[in-house]
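Scroll down for the structure; my scribbles are underneath it.
Computed from a predicted model, the values in this text were never measured in an experiment.
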Amino acid sequence: MDSPLSAVDATSASPKPLKKGFVTTLMEATALRTPSFKEDTYFVSHLKPSEKKALQILRDKIATAHSSAEDNDDNSTLTIWGIPLLPLAGGDDRSDVVLLKFLRARDFRVADAHAMLEKCLQWRREFGVERLVEEEDEELKGFKELEGIVAFMHGCDREGRPVCYNAYGVFRDKEMYERVFGDDEKLKRFLRWRVQVLERGIKLLNFKPGGVNSIIQVTDLKDMPKRELRVASNQILSLFQDNYPEMVARKIFINVPWYFSVLYSMFSPFLTQRTKSKFVICKEGNVAETLYKFVRPEDIPVQYGGLSRPGDLENGPPKPASEFTVKGGEKVNIQIEGIEVNATIAWDIVVGGWDLEYSAEFIPTAEGSYTIAVEKPRRVGPSEEAIHNSYTSREAGKLVLSVDNSASRRKKVAAYRYIVRKCTTF
């Protein structure tokens with residue numbers, strides 16, 4: 001079957017290469033010297049002898065520390081994320097996955113891992129984490145307006161891990177900032193809501209060797225008020241580091257301002273190689289290009305160059321999209337053929353960082369028929385979201401979607417999908 005894509009070189013001469021600025025060079029160098037993170041195994045049989053020994057010692061420490069828990073009917077201290085830390089005879093792979101997370105967070109130092117676990121269990125009791133997840137907290141209903149904007153779970157990456165998006169640019173509005181962070185009590189409520197979002201994401205994990213055992217975090221730094229959110233950011237970071245070990249497989253920072261790269265190069269030497277390997281730093285304008293490496297376009301929210309709109313995932317898995325690239329100086333035509341009379345075709349299309357010309361036309365099969373301009377050629381701005389449209393044909397033919405990148409030297413990632421509904425007559 002022929003590909004529906006066709007490319008036309010829209011330039012008569014090769015464009016000159018772009019000169020790289022200092023910031024671009026610095027960010028590329030940072031990416032080059034940071035190897036990609038590879039999640040550790042949770043199969044006990046794959047562990048080193050010293051790691052197996054550490055796991056067994058930690059099990060024994062927990063059993064000793066909680067030997068009286070059964071007499072006190074205090075089973076809440078023996079479970080975390082719904083997983084028993086002292087499983088019945090026969091064992092439980094899930095408990096091993098949890099314990100290995102705490103061990104790895106402390107480089108398999110058993111005493112430190114055990115202390116971390118006990119503090120985490122105590123914090124969960126005092127914070128009332130289980131109630132946050134299982135019940136609708138009345139205090140947190142006021143945060144409904146922040147859902148889907150500030151912190152939210154949305155779709156999965158290419159390996160099936162849930163993705164959590166974080167964006168704090170909305171707090172540049174002083175009224176919004178005061179409403180959420182105006183005093184200590186408001187900050188505490190925000191932290192409870194933020195924990196609730198993360199815990200609901202963790203419920204999507206299966207804690208199985210070889211399974212989905214971590215999430216992806218995408219943090220949007222665009223318009224983030226640095227000084228105002230310093231206290232909240234530090235508390236969130238500390239809380240997550242202390243109580244959610246090895247829960248994040250990758251941290252993707254998008255819309256990164258130039259000074260962040262400079263700061264990163266300064267504090268990078270103080271980070272472990274393991275931590276640095278989880279970081280992906282993406283400057284403004286490269287959001288879609290970066291996210292497409294880890295998440296499929298149909299699972300990425302439209303505000304970040306994807307095809308997923310609010311409510312899409314409520315109707316089941318999204319329709320897969322076809323991905324393609326538009327080179328600098330190139331025009332790409334997507335031809336959707338075989339459209340019958342009175343059929344309706346609906347489509348979504350997006351190009352990362354657009355800034356090019358887009359059009360759609362219907363070309364009838366019959367000779368002598370006129371081509372119909374479904375969407376006249378227009379310049380699509382860099383910040384525009386995915387285009388969604390539909391057309392009902394009055395005769396058989398094909399739909400051609402065109403993206404013209406002839407005025408740019410830059411290659412851009414893109415995606416589209418469509419569905420054709422035939423006319424049914426009785």
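- Remark: Arg250 is not positioned above the aromatic ring of Phe279, lacking an NZ or CZ atom under 6.0 angstrom from the ring centre and at most 45 degrees off the axis.
- Side chain to side chain, Glu199 and Tyr244 meet the donor-acceptor criterion of an N or O pair below 3.5 Å.
- Using cut-offs of 30° and 60° on the angle between ring planes, the pair Trp81 and Phe207 is parallel.
- For an aromatic pair to be called close, the ring centres must be under 6.0 Å apart, and Tyr177 with Phe171 fails this.
- Residues that satisfy the salt bridge (Lys or Arg N to Asp or Glu O under 4.0 Å) test with Arg106, not counting sequence neighbours, are absent from this structure.
- Side-chain contact check for Ile80 versus Leu121: some heavy-atom pair is nearer than 4.5 Å.
- If you check the side chains of Asp220 and Tyr304, you find a donor sitting under 3.5 Å from an acceptor.
- For the 3.5 Å distance criterion, the side chains of Asn166 and Arg194 qualify, holding a donor opposite an acceptor.
- One finds the OH atom of Tyr168 at 13.5 Å from the CE atom of Met176 (value rounded to the nearest 0.5 Å).
- Residue-environment remark: CZ (Arg421) stays at or below the threshold of 12 foreign heavy atoms within 6.0 Å.
- A cation-pi geometry, defined here as NZ or CZ lying under 6.0 Å from the six-membered ring centre and within 45° of its normal, holds between Arg104 and Tyr42.
- In the model, Ser402 has a side-chain atom that pairs as donor or acceptor with a side-chain atom of Asn333 under 3.5 Å.
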Working for side-chain contact (heavy atoms from CB on, under 4.5 Å), residues Tyr416 and Val403: CA-CA 11 Å; Tyr416 75 97; Val403 287; over 6 Å; no
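- Test Val413, Thr325, Val380, Leu356 against Val351 for side-chain contact (heavy atoms from CB on, under 4.5 Å) and you get one pass: Leu356.
- A donor-acceptor contact closer than 3.5 angstrom is absent between the side chains of Thr365 and Glu395.
- Lys251 and Gln217 form no side-chain donor-acceptor contact under 3.5 Å, judged by distance and modelled atom types alone.
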If you apply the rule side-chain contact (heavy atoms from CB on, under 4.5 Å), what do you find for Val180 with Val150, and how did you get there? CA-CA 12 Å; Val180 177; Val150 174; over 6 Å; no
What verdict does the side-chain contact (heavy atoms from CB on, under 4.5 Å) test give for Trp347 and His388, after you've listed the backbone C-alpha separation in whole Å, the side-chain angles of each residue and the deciding distance to 0.1 Å? CA-CA 6 Å; Trp347 68 91; His388 174 77; over 6 Å; no
